[in-house]
Amino acid sequence: METTDTYKTIAAASEETLFKEKSSKFFGYAFPITTEEEVKPIIERLRKIHPHARHICYAYQIGTETIQYRVNEDGEPNNTAGAPIYGQIQSFGLTNILLLVVRFFGGTKLGVGGLITAYKTAAQITIQASEIIEKTIDVHYLISFDYQNMNKAMRVIKEKKIDIVNQEMVIDPETNLPTGKIEIKTRKKNAEMIFDIFTTLYEIDIIIKE
């Protein structure tokens, strides 16, 4: 069975969207995120943009193999806001995304069903306004070698079209000779093969970068 090593997310922050229902306004926003720490500053920024908003409800999902998610109703009845927003993240098969809906109450209560539909629709419109992209799940390795083995390492990197994340040459204090360290990344489905190639190369060390 072939390893799945791609996932879908959004390319950049979405444009602001607006959905109206019985005088209530629902502004939608989507942001690509990779950590939970990114969520709070975004919410604080939206509270400054919309100081009179009744609710800022949201959902996010982070991760590819280990999934982390959260929904927040921000005072709306249980499962009427954050849950339908998260449902749209799942419906579009996205991850590494924060999806928010800012509500201004228009004076007419929508009821539980009306709220669910409104938040779901606002979330859907926002995702549709975003550019959805597919990314690869990558594995990062650190390879190290003495200077005279640099060509050997670079040949493999070039032949296998491996991406270099960063590289450095340092002077070994014991030998006073330059040594190389390169961080590389490769698609998950190729990772084992790349690891095996480097482990068979004499005088080149490879370890996985956590």
Side-chain angles (χ1 to χ4, degrees), residues 1-21 24-50 53 55-104 110 112-140 163 165 185-191 209-210:
M1 191 172 74
E2 190 174 350
T3 303
T4 300
D5 67 349
T6 60
Y7 64 94
K8 289 195 294 182
T9 189
I10 57 172
S14 69
E15 297 289 326
E16 178 185 272
T17 62
L18 173 60
F19 174 71
K20 295 179 183 177
E21 181 67 22
S24 279
K25 293 179 180 178
F26 297 83
F27 291 93
Y29 302 86
F31 296 87
I33 61 169
T34 54
T35 64
E36 193 178 9
E37 288 71 35
E38 295 170 75
V39 175
K40 189 178 176 183
I42 291 171
I43 294 169
E44 289 173 349
R45 197 157 76 241
L46 288 181
R47 289 200 192 280
K48 287 177 183 174
I49 295 170
H50 300 290
H55 307 278
I56 298 181
C57 305
Y58 66 87
Y60 66 76
Q61 179 164 300
I62 302 167
T64 52
E65 289 145 305
T66 303
I67 299 297
Q68 180 184 1
Y69 74 93
R70 185 179 175 193
V71 301
N72 189 299
E73 313 286 348
D74 195 30
E76 292 283 33
N78 277 351
N79 299 319
T80 61
I85 292 171
Y86 184 58
Q88 288 305 297
I89 292 176
Q90 292 178 302
S91 178
F92 283 86
L94 303 176
T95 194
N96 290 356
I97 181 175
L98 168 64
L99 189 55
L100 311 99
V101 177
V102 179
R103 182 191 180 195
F104 286 83
L110 302 182
V112 169
L115 281 174
I116 291 171
T117 300
Y119 277 103
K120 175 186 172 183
T121 305
Q124 182 182 32
I125 290 168
T126 304
I127 292 176
Q128 288 171 337
S130 306
E131 181 190 355
I132 295 174
I133 57 172
E134 189 171 76
K135 287 190 167 185
T136 57
I137 300 170
D138 297 322
V139 176
H140 289 240
D163 291 325
V165 179
K185 69 174 182 177
T186 184
R187 287 181 65 155
K188 184 183 172 186
K189 71 177 185 180
N190 298 328
K209 186 173 187 290
E210 299 297 339

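Side chain to side chain, Gln88 and Tyr119 fail the donor-acceptor criterion of an N or O pair below 3.5 Å. Looking only at atom types and distance, the side chain of Thr35 has a donor-acceptor partner in the side chain of Glu38 under 3.5 Å away.
Annotation: the span from Ile97 atom CD1 to Ile33 atom CD1 amounts to 8.5 Å, rounded to 0.5 Å. Between the CG atom of Asp138 and the OG1 atom of Thr6 there is a distance of 11.0 Å, given to the nearest 0.5 Å. Here the CG-CZ distance, from Leu110 to Phe26, works out to 5.0 Å after rounding to the nearest 0.5 Å. A distance of 4.5 Å separates CD in Gln128 from CZ in Phe92, rounded to the nearest 0.5 Å. Here the CD-OH distance, from Glu73 to Tyr58, works out to 10.5 Å after rounding to the nearest 0.5 Å. In this structure, Phe19 CZ and Lys120 NZ are separated by 11.5 Å, a value rounded to the nearest 0.5 Å.
Between Ile132 and Ile127 there is a side-chain heavy-atom pair separated by less than 4.5 Å. Using a 4.5 Å cut-off on side-chain heavy atoms (C-beta onward), Val71 and Ile85 make no contact. The closest side-chain heavy-atom distance from Lys188 to Thr136 is not below 4.5 Å. Two residues are said to be in side-chain contact when any heavy atoms from C-beta on lie closer than 4.5 Å; Cys57 and Arg103 fail this criterion. Annotation: side chain of Gln61 is not in contact with side chain of Leu94 (no heavy-atom distance under 4.5 Å). Inter-residue side-chain proximity for Tyr69 and Ile89 is flagged as unmet; no heavy-atom pair is nearer than 4.5 Å.
Between Ala123 and Val101 the shortest heavy-atom distance is N-CG2, 4.2 Å. Shortest non-hydrogen contact noted between Ala129 and Thr17 is CB-CG2, 3.8 Å. When all heavy atoms of Pro77 and Thr80 are compared, the closest pair comes out as O-OG1, 2.6 Å. Between Leu100 and Ile42, the shortest heavy-atom contact is CD1-CG2, 4.2 Å. In terms of heavy-atom proximity, Ser14 sits nearest to Thr126 at OG-CG2, 3.6 Å. Here the closest non-hydrogen pair linking Ile43 and Ile56 is O-CD1, 4.4 Å.
A donor-acceptor pair under 3.5 Å is formed between the side chain of Thr9 and the backbone N or O of Asn96. Put simply, the side chain of Ser91 never gets that close to the backbone of Gly87: no donor and acceptor are under 3.5 Å apart.
In this structure, Phe104 and Phe27 have perpendicular ring planes: the angle between them is above 60°, well past the 30° mark.
In this structure, Arg187 pairs ionically with Asp5, as a charged nitrogen and a carboxylate oxygen lie closer than 4.0 Å.
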